[in-house]
Amino acid sequence: MTSVRRMTKRCSFVMLLFSTHAVSLAQYPEKPITLIVPYAAGGSNDLNARVFTSFIDDYLGQPMLIKLVPGQAGQKGTLEAVRSAPDGHTLLFTDNYRDQLHRYTFRNQAYDTNQDLVPVARVNYGEIGIIARTDGPYETWAQFEADARARPGELTMSHSGLWVALFVPALQIMKNLGLQMRMVPYRGGGPAKAALMAGDVHMSMAFPATVAADVEAGRVRILATAGPERILEGVPSFAEIGLPPTTGFMHRVVMAPAAIPQDRLAILRQAFAQMQQEGAYQQLMARLGENTEYLDGTDYQAIRIRQSDDYRELAESLLVQ
Amino acid sequence: MFETLLVGLDAALRIDTFVWISGGLLLGMLMGSLPGFTTTMGMSILVPISFLVGDPLIGIPFLIGVYKGGIYGGSVPAILISMPGTGASIATVFDGHELTKKGQPRKALEMGLYASVISDLFSDLFTLVMIIPVAAVVLGFGPPEVASVMFLSLVIIAVTSTGPVIKGLIMLCLGVWFGFIGADPFSGTARYTFGTNELYDGFHMIPMLIGLFALPEIFAAVKEGDRTGSSIARFVGDRLRLAEFKKSLRTIFRSTAIGTAIGLVPGLGQPIAAMMGYIAAKNASDTPENFGKGELDGVAGAEAANNAVNGPTMVPLLTLGIPGDAVTALLLGAFMMQGLRPGPTLLETSGEIVFAILIAMVLANILFLMIGYLTIPLFARVVTVKRSLLIPVTIMLAFSGTYLARSNPFDIVTLIGFGLVGIAARTARFDVAPMVMGFILGRELEYTFGQTLALAGNDWVRFAFVERIGMTAVVVATPIIGVLLGARMNRFRQRTLARDQA
Amino acid sequence: MIPRQADVRFTVVVLVLAVVALLFGGQLIVDPPISLSADLLAMSPRVFPFLILAGTVVVASAFLVGQARKGALEMTRFSLGSAPPASLGRQVAFLFITVVCALLLTTLGFITTMFLLMTSTAVLVGNRSPFQILSISIFIPLGFYIVVTHVLRTALPEADIIQRLLAPVLQLLPAF
């Protein structure tokens with residue numbers, strides 16, 4: 001569907017919505033909603049947000065505008081969201097690492113995500129994979145693991161920054177399998193992948209969507225994927241290689257300030273649920289290479305609590321050293 | 001490959017492409033000339049428009065036009081009111097504003113325009129022709145190479161600053177330290193922040209630039225005061241003469257080469273290119289003592305270099321899907337919204353689109369020249385306004401530009417703080433350029449050095465001499481180059497001193 | 001002004017700053033809750049700041065020693081140079097106004113603060129025509145505010161009253 005036709009379709013949908021609004025009693029939302037996105041421009045989270053915000057306005061009756069607030073590993077944007085008026089017109093887009101792990105890794109008294117934020121919906125999740133160069137020495141995960149055990153501290157892995165999407169699973173691998181690798185920091189997933197391609201490091205991690213083109217071109221090999229089951233032919237899952245089942249998942253979640261009125265929260269949740277039915281939304285997400293595994297806010301809250309325990313264990317194990 | 005080029009050429013040569021690129025260029029120039037409104041901000045606002053257009057062949061060149069216009073636009077306030085609109089225009093301030101004070105704003109603006117256009121044109125052509133080999137080269141530049149080049153740049157900047165080398169070094173060290181205030185790039189440790197949240201992000205570059213370069217000028221005007229009738233320049237001044245332009249042709253080509261080379265190394269960026277271009281022009285000139293006092297060659301050197309960076313920075317994006325900086329990250333997003341996945345397969349599957357975009361970039365330069373030429377007289381007229389009216393407007397722009405950059409009230413504090421530093425430095429006859437470059441480079445150098453350490457591990461002898469011989473070569477060459485350059489600058493300084501005393 | 005005096009003063013300030021930062025480095029650099037081994041953390045956050053502060057101390061001292069040898073260290077004489085008192089008053093007033101406006105920007109709002117800033121700067125720079133001063137100080141911030149918030153869709157701090165007053169005006173403008 002060309003963008004013009006899509007625009008017209010959405011415009012007419014909105015007009016229909018407005019005409020029914022004349023009879024309905026709901027007032028919220030009466031002005032555009034701000035979605036604070038505490039990530040760098042152009043990253044996967046930014047792109048995901050741009051996709052769903054362009055569809056959600058049909059179901060809310062008001063546009064959802066993105067406000068990019070990068071900085072301080074997301075703390076800046078989160079602080080802004082926490083401090084905003086809890087009337088349902090300001091929301092936060094975040095992930096599980098920032099939500100549950102950063103409380104242990106960064107000194108921050110300004111907010112407590114468990115108390116100050118309530119989940120609206122989990123939009124989707126990304127499952128990370130371990131990648132290596134096709135022309136490199138590792139064809140399977142078993143080979144890499146053996147080499148890593150034989151040479152502790154010598155193999156290098158590129159990651160996208162401390163305590164975020166690539167670093168945490170790597171840390172969990174090292175802790176659970178007893179490996180020791182050297183971590184080389186890069187500014188984001190893109191440069192981390194580039195380092196692997198240039199042969200500067202032995203291994204890296206990436207969300208399969210980011211490396212799909214490279215896998216197709218035969219430059220990159222996926223050695224393992226996150227989750228309890230196999231996603232790709234012949235590639236073991238994290239559970240198979242001995243990792244806890246939740247390793248390597250990045251959940252993308254929309255949150256609201258905790259004091260938001262319950263009826264408004266319900267309207268938001270319903271809008272996200274309804275959006276899942278729209279074919280165009282599914283298509284655009286698929287084009288981005290992302291899934292649309294939606295989970296309602298209340299269901300996600302259960303996961304949050306479990307994650308909190310997992311991450312606390314991880315943090316404590318590091319402190320003991 | 002050649003057929004895809006032709007298809008791309010055909011696709012690019014359409015009227016609506018031209019119209020949209022021109023629109024982008026004009027918007028970019030206007031936004032760039034508004035201090036504090038960075039090109040990235042402008043582009044993010046316009047990304048939805050590029051998407052609504054529907055056609056990547058129009059939407060992407062539109063954004064690229066905005067980008068190019070923005071870089072040139074930043075030189076306008078730099079030249080006219082000593083306020084760099086973007087980091088890329090830092091080196092343009094040195095001679096650009098002095099020329100304005102001498103009554104030659106139009107000449108400076110025109111030289112900036114021609115230098116920018118020529119260098120951009122050649123750099124884009126180079127990218128177009130050499131895109132495949134360039135991709136391979138770019139991948140070869142890892143953190144160790146980038147770190148060594150940054151180290152070299154710092155040394156060059158320190159020894160070629162105005163005034164004695166030791167003063168340059170003091171400012172450099174100070175600037176580097178200012179860069180360390182805030183969160184450490186590896187672990188997020190708070191450094192010298194006294195527990196405040198505001199300082200955790202560190203100082204922002206835009207208010208620092210405006211404070212260091214613009215506020216002392218405003219302060220000087222206040223100090224002189226009471227000259228109600230005067231303006232910075234009475235007329236817009238003469239046009240640039242062909243002879244003057246020809247004299248700077250060699251500088252322009254040299255800066256193009258420098259800018260293109262710097263564009264190839266990921267992470268260096270426009271401010272460094274501009275400084276290196278400027279310093280190279282100063283070094284190659286017969287009269288380096290005129291630099292900083294209104295030398296057209298200085299403007300040419302700076303402006304040519306900062307525009308030449310554009311072309312090569314697109315290469316990692318187009319060939320590998322890896323954005324090198326905020327602007328290319330935005331372009332990546334714009335590409336993906338259009339349904340294109342930049343990466344190794346893009347050239348194979350949609351090669352004609354890539355070529356069309358590159359060709360559009362080349363063509364954009366021609367349009368750039370025309371639009372710039374028409375708008376310069378308007379811009380230059382600004383300085384004919386009475387000083388007592390212009391200065392209040394300038395300070396308003398300083399404040400608003402600062403706030404615009406990040407919507408953070410703390411930036412205003414940064415503005416005033418660095419304004420005071422700039423005023424003090426000017427009184428004490430210290431050159432602020434090394435401080436600014438130290439600030440920009442220091443942080444990056446720390447990060448790339450840390451990355452290098454992590455890559456090297458324990459066996460660093462083998463790392464330095466076998467794996468990363470390029471890095472080692474640059475590191476060894478740096479003190480040699482520093483001493484040679486410093487000696488040459490010293491000789492010129494002695495010559496000037498002798499001449500002044502005679 | 002006696003330049004040499006000024007640059008010595010400047011350097012002394014820098015030197016003192018560097019020494020203080022070095023001495024109190026422990027308190028001023030706060031470690032995160034989880035300290036990581038060298039394998040995981042590329043470089044300690046203390047290394048480069050220490051290096052650069054040490055470098056600053058060395059270079060600043062070298063400069064001061066060099067100046068002392070040239071006999072330019074006249075620390076006891078305190079001279080303001082040849083600037084007339086009126087100029088000093090203007091300078092101080094200007095600095096005061098800018099600091100005040102910086103602090104009050106978010107409280108008073110953009111248009112009011114810019115109005116204050118522009119009028120005072122215009123007077124300090126020597127403009128004597130109230131008409132000119134008032135007209136630029138009102139229309140330029142106003143125009144700027146409208147362009148930025150409406151066309152560029154970027155926020156500027158503004159007092160509630162003024163926002164409410166301007167709302168009907170903005171409705172009349174074509175939406176972008």
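Here is how names work: the chains are called A, B, and so on, in the same order as the sequence lines, proteins then strands, and each is numbered from 1.
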A.B. asks: For B:Y192, give me all partners under ring pair (Phe, Tyr, Trp, His ring centres under 6.0 Å), at least two apart in sequence or on another chain.
C.D. replies: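 With neighbours one apart ignored, the set is B:W177.
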
A.B. asks: If we only count heavy atoms from C-beta on, is the A:W163 to B:S187 side-chain gap below 4.5 Å?
C.D. replies: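 A side-chain contact under 4.5 Å is absent here.
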
A.B. asks: Starting at OH of B:Y200, measure out to NZ of A:K76 and round the result to the nearest 0.5 Å.
C.D. replies: 12.5 Å

A.B. asks: How about B:R468 and A:D200: do any of their side-chain heavy atoms sit closer than 4.5 Å?
C.D. replies: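 Yes, side chains in contact.
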
A.B. asks: Name all residues meeting the ring pair (Phe, Tyr, Trp, His ring centres under 6.0 Å) criterion together with A:H159; count only those two or more places apart in sequence or in a different chain, and write none if there are none.
C.D. replies: A:F167

A.B. asks: What do you reckon, is CG of B:D459 surrounded by more than 12 foreign heavy atoms closer than 6.0 Å?
C.D. replies: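 Yes.
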
A.B. asks: Hey, could you give me the CG/CD distance between B:D201 and A:Q75, rounded to the nearest 0.5 Å?
C.D. replies: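 Those atoms lie 10.0 Å apart.
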
A.B. asks: Relative to chain B, which segment of A:A195 carries a heavy atom at a distance below 4.5 Å: side chain, backbone, both, or neither?
C.D. replies: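 It is neither, since no heavy atom gets under 4.5 Å.
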
A.B. asks: For each of B:G182, B:G202, B:P143, tally heavy-atom pairs with chain A at distances under 4.5 Å, and name the one with the top tally.
C.D. replies: B:P143

A.B. asks: Which atoms of B:Y447 come close to chain A, meaning under 4.5 Å heavy atom to heavy atom: side chain ones, backbone ones, both, or neither?
C.D. replies: side chain

A.B. asks: What are the two closest non-hydrogen atoms of B:A456 and A:R182, and how far apart are they?
C.D. replies: C-NH2, 3.7 Å

A.B. asks: Within a reach of under 6.0 Å around CZ of A:R83, are more than 12 heavy atoms found that belong to other residues, nucleotides or ligands?
C.D. replies: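 No, the 6.0 Å shell around CZ holds no more than 12 heavy atoms from other groups.
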
A.B. asks: Please find the pair of heavy atoms, one from A:L162 and one from B:F186, that lie closest to each other, and give the distance.
C.D. replies: CD2-O, 3.2 Å

